[in-house]
Amino acid sequence: QTTGLAIDAELTLDNEPQSPLTANYSGDLLYQQSVGRLSMLEAELTVDQAQLAADVVFAGLAPDDAWTANGNLALGAIDLAQMLAQWGVEMPELPSDGLRELAFSSAFRADQTELGFDGLELLLDGQTVSGDITLQLTEAFPAIRASLYSPAFSVNNYLPQQHNNDDDLVADTAAQDQHQEVPLLTPATQAWLRTLDAEVEARINTLTYQQWDLADVVVRFQAAGGLLAVPELKLRAFDGRLDADGSLDIQGSQPVVSARLDASDLQIKPLLNLLGVKPRLSGKGNLQADLTTSGNQYDDLIANLAGTAATRLEDGVVQGVDVGYWLRRANAQIKGGDVTAVDRAETDFSALTASAVIESGRVQSDDLDLRAPLFRVSGDGYFDLPTEQIDYRVAASVVDSLEGQGGRDLQELRGITIPVLITGRFDNPQVRLDMQRILRDAAEGQIRERIEQELDRHLREDAPARQLLDRFLR
């Protein structure tokens, strides 16, 4: 038995930090040779600012025995960012409050096949995480099993800082121009991911990411044999719920990605922002998507994108085209007058439904149904993601009742479908009226109206010939 053991040391690492590390150990040691047991009691290990307290018992130390270790560990609060910098570890630039406070306590167990931390209590920059972590040591790379919980956690302090100076903008532009040449996963990264074996579940009451607060977050992650999957992702956000899952399969020569999204009763615009999609649509409702793609470069992932998507929204806005303006413009051109309306480049709607089929990066949508107080809109066409080209036809018709809706200037268009063509690149779409179709429909409408007037003069509504002609005119 040894009590009051104290050891002082000075360490210099290979990466040559600014100053040598000082290490101190103190505590009581008790070795019981008859049973092969070593007890480290009230042990304290200090390396620079890091102080680790431990009570650990090692058993099975006799020859031919299988050793085990059990006890408790506690790390006092450290400034991790400062310590990593002192050790010469390069880190991305984080906000000033990131990685400034780290402490933990846990029960500890270990043997030849497993290392476990039970009842873990982690403190990171004032945020608490609790749970259990087990590392299975049977393979070259430990298999990870973890179940974690946090009442509230913000990732903002751990997002790399972004600077919008001119040099960064030039670099970003160059990176975008060259993105097709850069593999998303290097061979070394793929090799490492193929060795990853993990099952992790995390629950967070409130997760903060940038400006968004996500509630009741549940996420499960699994990895084995080159297949990485998120079989469950659930959360509440944007006044609704989101349910998703996905996977990354790198078992073959090319990575294969799949994702499924089911969002219900939520605001669509902040969801699109969260997903990194430029939002041209707002409103509250549902969004479903089931997508797959493959490739190891950005362009390949876009070109191989396939799947389905559908949405149903209420009380929102479509950006890019002002249907009301184009209706008024068509009316002015039919009448030979000037256009006085202002193009707002957006359309308000009370209800919208649409679905899409995606093949080889081309999004084909042929069932747009948009309802607004003054008009109804249908639409069909495609959005080609690889070439960033759009070819879409919108057909708008004025509702029968315009009283009290500010649409009296559109009364002449009732019964006429106004086709609007949208073509060109995503970043500069061209919108124009299909005037040939409009004039033809207008002429047909005038002829039909004249025939109906003559029928009213010469035939009763209940006359068989009148009923036959009415069906023909429809």
Undergrad: I'd like to know if R260 and D290 make a salt bridge, using a cut-off of under 4.0 Å between side-chain N and carboxylate O.
TA: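 Salt bridge between R260 and D290, a charged N being under 4.0 Å from a carboxylate O: no.
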Undergrad: Contact between R145 and D132 at the side-chain level, heavy atoms closer than 4.5 Å - yes or no?
TA: no
Undergrad: With the side chain counted from C-beta on, respond yes when L196 and F141 share a heavy-atom pair under 4.5 Å apart, and no when they do not.
TA: yes
Undergrad: Are any of the side-chain heavy atoms of P255 and L185 separated by less than 4.5 Å?
TA: yes
Undergrad: Answer whether the closest heavy-atom distance between the side chains of L99 and M91 falls below 4.5 Å.
TA: yes
Undergrad: Which side-chain N or O atoms in residues 265-281 pair as donor and acceptor under 3.5 Å with protein atoms at least two apart or in another chain?
TA:
none

Undergrad: Looking just at side-chain N and O atoms, do S147 and R203 make a donor-acceptor pair shorter than 3.5 Å?
TA: no
Undergrad: Taking atom types as modelled, is there a side-chain donor on D249 or Q251 under 3.5 Å from an acceptor on the other?
TA: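 Result is yes, a qualifying pair exists.
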Undergrad: Does any part of the side chain of V431, heavy atoms only, come nearer than 4.5 Å to the side chain of V420, both counted from C-beta?
TA: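 V420 reaches V431 side chain to side chain.
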Undergrad: What's the spacing between D366 CG and S378 OG if we round to 0.5 Å?
TA: 10.5 Å
Undergrad: Who passes side chain to side chain contact (heavy atoms under 4.5 Å, CB included) against T113, sequence neighbours left out?
TA: D111, T138
Undergrad: Assess, by modelled atom type and distance only, whether the side chains of T208 and D213 contain a donor and an acceptor separated by less than 3.5 Å.
TA: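 Per modelled atom types, T208 and D213 side chains form a pair under 3.5 Å.
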Undergrad: Inspect the surroundings of CD in E232 and state if more than 12 heavy atoms from other residues, nucleotides or ligands are less than 6.0 Å away.
TA: yes
Undergrad: Any non-hydrogen side-chain atom of V323 less than 4.5 Å from a side-chain atom of F349?
TA: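 Side chain of V323 against side chain of F349, heavy atoms only: no contact under 4.5 Å found.
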Undergrad: Report yes if the side chains of L235 and L207 come closer than 4.5 Å at any heavy-atom pair, otherwise no.
TA: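 Contact flag for L235/L207 side chains = no.
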Undergrad: Side-chain contact test, heavy atoms from C-beta onward, threshold under 4.5 Å: evaluate it for L327 versus L374 and give yes or no.
TA: no
